[in-house]
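Take a look at the structure set out below.
Values in this document were obtained by computation on a predicted structure and should not be read as measured data.
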Amino acid sequence: MNHAAKTLLPQQISPTRWRHGESVDIAERSYAAHRVDHADGTVTWWLLDETDLRLERERAQLLTRMSSALMTSLNPERCMTVVAELAAEHLADEALVIAPQSDHGHPVTRCRRGEAPTYDLKHVDVEEVVGLSEALRGFPPVPSRWIDPAVAPDWLARDVVSIVVTPLPGHGVPAGALILIRRDKQFTDDEEAFARLFASRAGVAISAASLFTQQAEITERLTRDLLPPTLRRHEHVDLAGRYRASGATERVGGDFYDVHQLPGDELFVVLGDVCGKGLDAAVQTGRVRTALHALLQVVTDHDRMLAALNQALLTTDRSRFITTVVSTVRPVDEGLHVKLTSGGHLPALIVRSGGTVEVANTRGTLVGILEKIVTTTDEVVLAPGDSCLLYTDGITEAVGGPLGDEEFGEDRLRRALEACGGMPAEALVEHVHMLAAQWVGSGIHDDMAVLAITAPRRRSS
């Protein structure tokens, strides 16, 4: 049998061990063996050098695995940690990921191969490392042969052979810089090119995580401003409120309440319901709350205030009308004097300490839909232990019950309140909120808001 092979192969390589199509490693090169059988019984072996192709395939697979690992987190610090770990494992002996400077320094994640990564905020002089300041600004990397490891600062590394500094490109702005360190050999041009490919994916991942975190922080701040305030007990007034948005994953909606301190011992309390639900309604509640706060600086008369609010809404968005009830609360010898004025809202319920439930004489027209509105005002005195309950139709129109198709209703609410006489404000709103939530169960419901104004019981001397 005649075996023909490339003459550059070592003589000890035996073709009889090869299989057609298999990969053969010879002298740090990789070859694909191809057998050709001839009519005279001889065999010719062709060896095709596929070292570069195999290396490219392995690097592509590695980049795919790296990309998958990079997309596992939307936390910037965690993402920097993953980048440093992957770079130390596959590209260098040690890797540093440096983010753009913040108020407290440069966030730096460092990882040595086989060790746990560390994260810290460092005040570093980026001009001490050749190419670092340029990389942080998104400029192309300089070749590693231009960087002298002997002049690298102590915070970076000691006794190293080669350093690569490459930018981490983000979405429009640089996400930072990647520094690769080797202690035993130089980086080749191919290795630096592969490092840049990895850095491009790493930069996108870090940038996405940073953008997500930034947007989450903005959303949290805006949401915090749109949520009703946390109520507290004042010297002469016990206040409590509960709010639940319509969507299971939403925190804000179209129901709102607010409490403002007026001169003296008076409080201004407002509760309302914007037409619609979700984010659009929440934005409108923010406008209404801001408008009411501004109006309080110049007018405290309920009728004039609601008329001014009506005009403000008419000039902005007539499709977003509201119902609202405003009240002024002041202490008197008998307990609390509460003045209530409604703009198309459900009447307040007065819960006496003995269990009697009264309906305030307030109705009125919707605010923000007609040129002129009609409002009605009622005044009540709350004795110690009495409460005035303000609520939105998300409570009474909650659909549920045994068959899941019945509204909770105003009558059922009043009957439930008969057992709540003398309750503190916090317990009262919690009870009403719980009843509505249990009635709805897991069904669809509107935004719900409830607020209690309670005259505290006098302490015995």
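Ser162 and Phe187 get closest at one heavy-atom pair: OG-CD1, 3.1 Å. Scanning all heavy atoms of the two residues, the minimum distance from Tyr119 to Thr109 falls at CD1-OG1, 3.2 Å. Scanning all heavy atoms of the two residues, the minimum distance from His431 to Ala416 falls at NE2-O, 4.4 Å. Across all non-hydrogen atoms, the minimal contact from Ile181 to Ala157 is CD1-CB, 3.6 Å. Residues Val165 and Val130 come closest through the heavy atom pair CG2-O, 3.9 Å. Heavy atoms only, all atoms of each residue included: Leu366 and Ile373 are closest at O-CG2, 3.4 Å.
For the atom pair Asp301 CG and Leu306 CG, the distance stands at 9.0 Å (nearest 0.5 Å). Considering CG of Asn75 and OG of Ser210, their distance stands at 9.0 Å, rounded to 0.5 Å. For the atom pair Phe194 CZ and Thr188 OG1, the distance stands at 11.0 Å (nearest 0.5 Å). In this structure, OG1 on Thr392 lies 8.0 Å from CE on Met448, to the nearest 0.5 angstrom. Distance CD/Glu85 to SG/Cys111: 5.5 Å, rounded to 0.5 Å. To the nearest 0.5 Å, atom CG of residue Leu295 and atom NE2 of residue His260 are 10.0 Å apart.
Between the side chain of Thr365 and the backbone N or O of Val374 there is at least one donor-acceptor pair closer than 3.5 Å. For Gln311 (side chain) and Glu371 (main-chain N/O), a donor-acceptor pair under 3.5 Å exists by modelled atom type. Judged purely by atom type and a 3.5 angstrom limit, Asp255 has no side-chain atom pairing as donor or acceptor with the backbone of Asp273. Judged purely by atom type and a 3.5 angstrom limit, His433 has no side-chain atom pairing as donor or acceptor with the backbone of Leu428. Arg137 contributes a side-chain N or O that, together with a main-chain N or O of Ser133, makes up a donor-acceptor pair within less than 3.5 Å. Here the side chain of Thr300 pairs no donor or acceptor atom with the backbone of Leu296 at under 3.5 angstrom. Side-chain N or O atoms of Glu191 include none that pairs as donor or acceptor with a backbone N or O of Leu91 at under 3.5 Å. With hydrogens and angles ignored, the 3.5 Å screen pairs no side-chain donor or acceptor of Ser207 with any backbone N or O of Gly203.
In Trp146, the CH2 atom is not crowded: 12 or fewer heavy atoms of neighbouring residues, nucleotides or ligands sit closer than 6.0 Å. Counting heavy-atom neighbours within 6.0 Å of Glu235 CD, excluding the residue itself, gives a total of 12 or less. For Arg304, the CZ atom sits in a loose shell: 12 or fewer heavy atoms of surrounding residues, nucleotides or ligands are nearer than 6.0 Å. Annotation for Phe212: atom CZ does not count as buried by contact number, only 12 or fewer foreign heavy atoms lying within 6.0 Å.
The pair Asp258-Arg289 meets the salt-bridge criterion, since a charged nitrogen lies less than 4.0 angstrom from a carboxylate oxygen. For Arg412 and Glu407, the salt-bridge test fails: no basic side-chain N is under 4.0 Å from an acidic carboxylate O.
In this structure, a donor-acceptor pair under 3.5 Å is absent between the side chains of Trp439 and Glu406. In this model, no donor atom of one side chain and acceptor atom of the other lie less than 3.5 Å apart for Thr362 and Ser342. Looking only at atom types and distance, the side chain of Thr328 has a donor-acceptor partner in the side chain of His302 under 3.5 Å away.
Screening Leu132, Asp120, Leu121, Val126 for a side-chain contact (heavy atoms from CB on, under 4.5 Å) with His106, the sole residue that qualifies is Val126.
Screening residues 418-432 for salt bridge (Lys or Arg N to Asp or Glu O under 4.0 Å), with sequence neighbours left out, gives Arg242-Glu426, Arg242-Glu430. Residue pairs meeting the salt bridge (Lys or Arg N to Asp or Glu O under 4.0 Å) criterion with at least one partner in residues 335-363, sequence neighbours excluded, are Arg352-Glu358, Arg352-Asp386.
Within the 4.5 Å cutoff, no side-chain heavy atoms of Thr376 are placed close to those of Asn361. The shortest distance between side-chain heavy atoms of Pro117 and Arg110 does not fall below 4.5 Å. No side-chain heavy atom of Arg244 sits under 4.5 Å from any side-chain heavy atom of Asp447. Put simply, the side chain of Arg330 does not reach to within 4.5 Å of the side chain of Asp265, judged on heavy atoms. Annotation: side chain of Met305 is in contact with side chain of Phe268 (closest heavy-atom distance under 4.5 Å). For the pair Asp238/Pro424, a side-chain contact is recorded, criterion being any heavy-atom separation below 4.5 Å from C-beta on. With contacts defined as side-chain heavy-atom distances shorter than 4.5 Å, the pair Ile179/Ile163 qualifies. Residues Arg112 and Asp93 fail the side-chain proximity criterion, which asks for heavy atoms closer than 4.5 Å.
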Run the side-chain contact (heavy atoms from CB on, under 4.5 Å) check on Arg113 and Glu89 step by step: do they pass?
CA-CA 6 Å; Arg113 182 177 299 173; Glu89 179 181 358; 5.5 Å; no
Before you tell me yes or no, could you show the steps for Leu267 and Leu239 under side-chain contact (heavy atoms from CB on, under 4.5 Å), namely the whole-Å CA-CA distance, both residues' side-chain angles and the distance that decides it to 0.1 Å?
CA-CA 11 Å; Leu267 293 177; Leu239 293 173; 3.9 Å; yes
I'd like to know whether Val269 forms a side-chain contact (heavy atoms from CB on, under 4.5 Å) with Leu390, so could you lay out the CA-CA distance, the side-chain angles of the two residues, the decisive distance to 0.1 Å, and finally the verdict.
CA-CA 10 Å; Val269 180; Leu390 311 178; 4.2 Å; yes
Trace of the side-chain contact (heavy atoms from CB on, under 4.5 Å) decision for Ile453 with Val237
CA-CA 7 Å; Ile453 304 168; Val237 184; 3.9 Å; yes
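For Asp154, the salt bridge (Lys or Arg N to Asp or Glu O under 4.0 Å) partners at least two apart in sequence or on another chain are Arg158.
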